[in-house]
Amino acid sequence: MNETTSKLGHGFDIEEIRRAAANLEDGAVTEGYAADREAVIAMLNAALATELLCVLRYKRHYYTVSGPNTGHIKAEFLEHAQQEQDHADRIAERIVQLNGSPNFNPATLTQRSHAEYDDSEDVQAMIRADLIAERVAIESYRQMIQAIGDKDPTTKHMLTEILAVEEEHADDMSDLLA
């Protein structure tokens, strides 16, 4: 094959692009996928467990927070629970796109999560536990993004977006502690 038939105008390899049409059972994963798919799925399942545990922790705090002038804190807990659920949904969808199986097993959730559950009764203890969990999530996502590098741009982009929200959550909790 000569150079003019194997390359597109911008230097793309047309044969490699056409090979992407094969193996339809692989869905979104083409031969050009450069990351270790199983390792990425494992990382994402740990992130999924973390997000699910965060949903449960924030929901518990939302329902159990009490005392004068806690309405704004209660609202913050609910908002964060909803955003953590969105993260979990996005991660589960990405796992499926990578031909993996999202692990929602409640029996092993706490062992697989990077964060911990909290059943504090005191408002300040709840906020502190949530800030700790957000900081754990921030570092976890930072390390996942670094590990993936440029080998899986879609997952990296998703994790970067989630990381930004986790940083906002940490800032919110930090403000509530002050």
Side-chain angles (χ1 to χ4, degrees), residues 28 35 37-67 69-148 152-178:
R37 194 177 55 80
E38 293 301 323
V40 171
I41 290 168
M43 279 191 291
L44 291 176
N45 265 315
L48 176 61
T50 302
E51 294 294 345
L52 292 170
L53 193 70
C54 288
V55 169
L56 295 173
R57 189 187 59 258
Y58 272 122
K59 282 285 196 159
R60 185 194 181 280
H61 291 171
Y62 167 73
Y63 285 112
T64 61
V65 71
S66 62
N69 304 318
T70 58
H72 67 291
I73 296 171
K74 187 175 184 104
E76 200 71 41
F77 288 160
L78 180 59
E79 179 184 349
H80 288 202
Q82 292 165 338
Q83 290 170 334
E84 303 291 4
Q85 182 63 60
D86 177 61
H87 298 168
D89 293 342
R90 291 181 67 193
I91 292 166
E93 179 62 31
R94 184 63 182 153
I95 291 168
V96 170
Q97 287 172 349
L98 293 173
N99 300 319
S101 179
N103 187 345
F104 284 92
N105 185 346
T108 60
L109 188 64
T110 56
Q111 292 88 4
R112 293 180 288 114
S113 173
H114 297 152
E116 295 181 8
Y117 184 75
D118 175 72
D119 57 4
S120 297
E121 298 291 332
D122 174 70
V123 176
Q124 289 299 305
M126 290 177 189
I127 295 168
R128 183 179 217 67
D130 290 332
L131 177 55
I132 290 168
E134 294 298 352
R135 290 177 55 82
V136 166
I138 289 165
E139 182 59 19
S140 296
Y141 284 120
R142 188 195 64 72
Q143 288 185 25
M144 283 185 260
I145 291 164
Q146 186 175 18
I148 290 170
D152 181 342
T154 302
T155 301
K156 180 180 178 178
H157 179 72
M158 177 192 71
L159 295 175
T160 301
E161 289 179 344
I162 292 171
L163 172 61
V165 175
E166 301 296 0
E167 289 174 347
E168 289 175 24
H169 289 177
D171 190 48
D172 292 342
M173 292 299 107
S174 182
D175 288 348
L176 289 174
L177 267 182

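Keep in mind that the numbers below use all heavy atoms, side chains included, and drop hydrogens, waters and symmetry copies. Please read all numbers here as calculations on a predicted model, not as lab measurements.
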query: Is N45 reaching over with its side chain to a backbone N or O of N103, donor-acceptor style, under 3.5 angstrom?
result: yes

statement: In terms of heavy-atom contacts, L109 and L56 come closest through CD2-CD1, 3.9 Å

- prompt: Can we say R90 and E93 salt-bridge, meaning some charged N sits less than 4.0 Å from an Asp/Glu carboxylate O?
  reply: no

message: So which atom in H114 and which in S140 form the shortest heavy-atom distance, rounded to 0.1 Å?
response: ND1-OG, 2.9 Å

- prompt: Looking only at heavy atoms, what is the nearest atom pair of I41 and G100, with distance?
  reply: CD1-CA, 3.6 Å

message: I'd like to know whether L176 forms a side chain to side chain contact (heavy atoms under 4.5 Å, CB included) with H72, so could you lay out the CA-CA distance, the side-chain angles of the two residues, the decisive distance to 0.1 Å, and finally the verdict.
response: CA-CA 10 Å; L176 289 174; H72 67 291; 3.9 Å; yes

query: Who are the ring pair (Phe, Tyr, Trp, His ring centres under 6.0 Å) partners of H80, not counting sequence neighbours?
result: Y58, H169

field: Neighbour count >12 (heavy atoms, 6.0 Å) for atom CD, Q111
entry: yes

task: Spell out, as yes or no, whether a donor-acceptor pair under 3.5 Å connects the side chain of T64 to the backbone of R60.
output: yes

query: Got a sec: does the CD of E79 have more than 12 other heavy atoms crowding it under 6.0 Å?
result: yes

- prompt: Hey, does L53 have a side-chain heavy atom less than 4.5 Å from the side chain of R112?
  reply: no

Check against side chain to side chain contact (heavy atoms under 4.5 Å, CB included), M43 and T155: CA-CA 11 Å; M43 279 191 291; T155 301; over 6 Å; no

message: Measuring only between side-chain heavy atoms, which start at C-beta, is R94 closer than 4.5 Å to L98?
response: yes

message: Could you walk me through whether E139 and E166 satisfy the side chain to side chain contact (heavy atoms under 4.5 Å, CB included) test, starting with their C-alpha distance in whole Å, then the side-chain angles of each, then the deciding distance to 0.1 Å, before giving a yes or no?
response: CA-CA 10 Å; E139 182 59 19; E166 301 296 0; over 6 Å; no

- prompt: Strictly by modelled atom types, are S120 and D118 linked by a side-chain donor-acceptor pair under 3.5 Å?
  reply: yes

- request: For the residue pair Q82 and D86, confirm or rule out a side-chain donor-acceptor distance under 3.5 Å.
  value: no

- prompt: Would you say R135 has more than 12 foreign heavy atoms packed within less than 6.0 Å of its CZ?
  reply: no

- prompt: How close do V40 and A35 get, heavy atom to heavy atom, and via which atoms?
  reply: CG2-CB, 3.9 Å

- prompt: Taking atom types as modelled, is there a side-chain donor on R128 or Q124 under 3.5 Å from an acceptor on the other?
  reply: no

- request: Check the side chains of H87 and Q83 for a donor-acceptor pair under 3.5 angstrom, ignoring hydrogens and angles.
  value: no

T160 side-chain N/O to K156 backbone N/O, donor-acceptor pair under 3.5 Å: yes

